[in-house]
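This report concerns only the one structure given below.
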Amino acid sequence: GSLVLSKEYIFCQTFYADYIDESHWESEEGEIICIDKETGYEFWETELNSSQDNISMYDSPPCLIGDYIIVPNDSAECNIDKGLQISGMDAILYLISQESGLTKWKIDNSYNNYSLPSASSDNKNIYVSWTYFDTDKNTADMYVESYSLDKKRNWSFKQSNCSNFHCSPMQDENSIYIRSRNGYIYSINKSNGKLNWRKNCFECADGSAMCITNGYIICAGYEWEEIPFMKNKTFIKILNAEDGKVAWEDTINNDRVVQI
């Protein structure tokens with residue numbers, strides 16, 4: 001996963017896989033490590049309940065808020081013989097002290113059909129996105145939520161019948177921006193969680209191919225030729241953050257993955 005830097009420290013998240021045999025593994029444990037920037041000395045390491053699916057770790061990195069670090073966490077199981085890969089068994093969000101490595105609190109959605117959370121912060125509040133999967137109805141609902149440092153939930157935004165595939169909430173002074181798996185971009189009011197606008201930009205979008213800068217949203221997505229193996233076209237679009245209108249767009253042909 002990505003390294004997270006504060007003024008004095010480097011934070012690195014790790015995971016370990018327990019290989020039961022050649023075709024079956026489970027991610028058993030993980031940790032967040034604090035390292036001194038100047039000397040490389042390890043100040044502390046904090047064990048997490050479980051660990052992130054290694055495929056997704058780079059798309060849902062930790063982030064800082066005040067004197068704390070926010071750590072999204074997940075576990076995964078893979079059985080190649082059965083064609084099975086399960087994640088979201090331990091979907092947890094930790095708030096950990098930068099100084100001591102002690103956990104102040106955690107939001108625990110273990111075994112509740114929630115996906116790996118994605119998080120960001122404006123150094124005042126924590127913004128987190130989860131996807132809830134209803135296995136009986138075969139549906140998914142995307143949630144974007146705001147939390148204060150004392151774990152109080154300020155608001156919760158829900159969008160039915162869509163999912164967030166490891167896209168961290170982006171933000172400017174007034175709004176939160178999130179992209180769903182089905183290619184929609186959402187702008188959400190920071191203060192009350194109300195929808196400002198949404199725009200359908202792509203047929204499909206996943207990973208960390210989105211950022212915001214100088215009042216514009218840069219994002220990428222795909223048109224699929226044959227799911228899930230062939231990507232027909234990759235699109236890059238620049239949106240005006242105020243109203244979601246497309247400023248310009250371009251197309252990259254062939255099977256290309258874009259990270260922004």
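When reading the values below, keep in mind they use all heavy atoms of this one structure, side chains included, and skip hydrogens, waters and symmetry mates.
You'll find the side chain of Ile65 reaches within 4.5 Å of the side chain of Leu95, heavy atoms only. Side-chain atoms of Ile218 and Ile212, non-hydrogen and from C-beta on, never get closer than 4.5 Å to each other. Between Cys201 and Phe235 the shortest side-chain heavy-atom distance does not fall below 4.5 Å. The closest side-chain heavy-atom distance from Lys104 to Ile96 is not below 4.5 Å. Looking at heavy atoms from C-beta onward, Ile69 lies in side-chain contact with Ile32 at the 4.5 angstrom threshold. A 4.5 Å side-chain heavy-atom check between Leu239 and Ile185 finds at least one atom pair inside the cut-off. Side-chain contact between Ile33 and Gln13: absent, with no pair of heavy atoms (C-beta onward) separated by less than 4.5 Å. Side-chain contact between Ile217 and Met170: absent, with no pair of heavy atoms (C-beta onward) separated by less than 4.5 Å.
Counting non-hydrogen atoms of other residues, nucleotides and ligands closer than 6.0 Å to CD of Glu42 gives a total above 12. In the displayed structure, Asn138 atom CG is contacted under 6.0 Å by at most 12 heavy atoms of other residues, nucleotides or ligands. The local environment of CG in Asp67 is sparse, with at most 12 non-hydrogen atoms from other residues, nucleotides or ligands closer than 6.0 Å. With a 6.0 Å radius and a threshold of 12 heavy atoms from other residues, nucleotides or ligands, Phe43 has its CZ atom above the threshold. Heavy-atom contacts from other residues, nucleotides or ligands closer than 6.0 Å to NZ of Lys151 number more than 12. Under a cut-off of 6.0 angstrom, the local environment of NZ in Lys245 is sparse, with at most 12 non-hydrogen atoms contributed by other residues, nucleotides or ligands.
How far OG1 of Thr103 is from CD of Glu47: 10.5 Å, rounded to the nearest 0.5 Å. Here the straight-line distance linking atom SG of Cys162 with atom CG of Asp141 works out to 7.5 Å at 0.5 Å rounding. Remark: Asp250 CG to Ile238 CD1 distance equals 9.5 Å, nearest 0.5 Å. Here the CH2 atom belonging to Trp197 is positioned 13.5 Å from the CG atom belonging to Asn189, to the nearest 0.5 angstrom. Note that CD of Gln159 and OG1 of Thr131 are 11.5 Å apart. Values are rounded to the nearest 0.5 Å. Taking CZ of Phe202 as the start and OG of Ser180 as the end, the distance is 10.5 Å to the nearest 0.5 Å.
For the residue pair Gln171 / Ser120, a side-chain donor-acceptor distance below 3.5 Å is found, with atom types taken as modelled. Remark: the Asn123 side chain and the Ser121 side chain contain no N/O donor-acceptor pair separated by less than 3.5 Å. Looking only at atom types and distance, the side chain of Asn125 has a donor-acceptor partner in the side chain of Asn154 under 3.5 Å away.
Between Tyr143 and Tyr114, the ring planes are tilted. Angles from 30° to 60° get that label.
Contact record, Gly244 with Lys199: O-CD, 2.8 Å, taken as the closest heavy-atom pair. Pairing each heavy atom of Leu3 with each of Cys12, the nearest pair is CD2-CB, 3.7 Å.
Remark: the backbone N or O of Gly101 is paired with a side-chain donor or acceptor of Thr46 at under 3.5 angstrom.
Cation-pi geometry between Lys152 and Tyr147 is not satisfied (NZ or CZ under 6.0 Å from the ring centre, within 45° of the ring normal).
With sequence neighbours left out, Asp134 forms a side chain to side chain contact (heavy atoms under 4.5 Å, CB included) with Tyr132, Asp136, Lys137, Thr139. Applying the side chain to side chain contact (heavy atoms under 4.5 Å, CB included) criterion to Glu99, with sequence neighbours excluded, gives Tyr9, Ser97.
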Self-check item: side chain to side chain contact (heavy atoms under 4.5 Å, CB included) evaluation trace for Leu93 with Trp130
Solution: CA-CA 10 Å; Leu93 190 74; Trp130 321 71; 4.2 Å; yes
Practice problem: Dump the intermediate steps for side chain to side chain contact (heavy atoms under 4.5 Å, CB included) on Leu64 and Gln98, then the final yes or no. | Solution: CA-CA 9 Å; Leu64 304 178; Gln98 293 184 37; 3.8 Å; yes
Practice problem: Start with the C-alpha distance between Ile35 and Tyr41, add both sets of side-chain angles, then the distance that settles side chain to side chain contact (heavy atoms under 4.5 Å, CB included), and finish with yes or no. | Solution: CA-CA 6 Å; Ile35 301 167; Tyr41 174 79; over 6 Å; no
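Electrostatic pairing of Lys190 and Asp122 counts as a salt bridge here, judged by a charged N lying under 4.0 Å from a carboxylate O. The residues Lys37 and Glu8 are annotated as not salt-bridged, no charged nitrogen and carboxylate oxygen being separated by less than 4.0 angstrom.
Under a hydrophobic-cluster definition in which Ile, Leu, Val, Met, Phe, Trp and Tyr are linked whenever side-chain heavy atoms come within less than 4.5 Å, directly or via other members, Ile107 and Ile70 are assigned to the same cluster. A single hydrophobic cluster is not seen to contain both Leu102 and Ile126; linkage of ILVMFWY side chains at heavy-atom distances under 4.5 Å, directly or through other members, places them apart.
Through side-chain heavy atoms spaced under 4.5 Å, either directly or across other Ile, Leu, Val, Met, Phe, Trp or Tyr residues, Leu195 is tied to Tyr127, Met142, Val144, Trp155, Phe157, Ile176, Ile178, Tyr184, Tyr186, Ile188.
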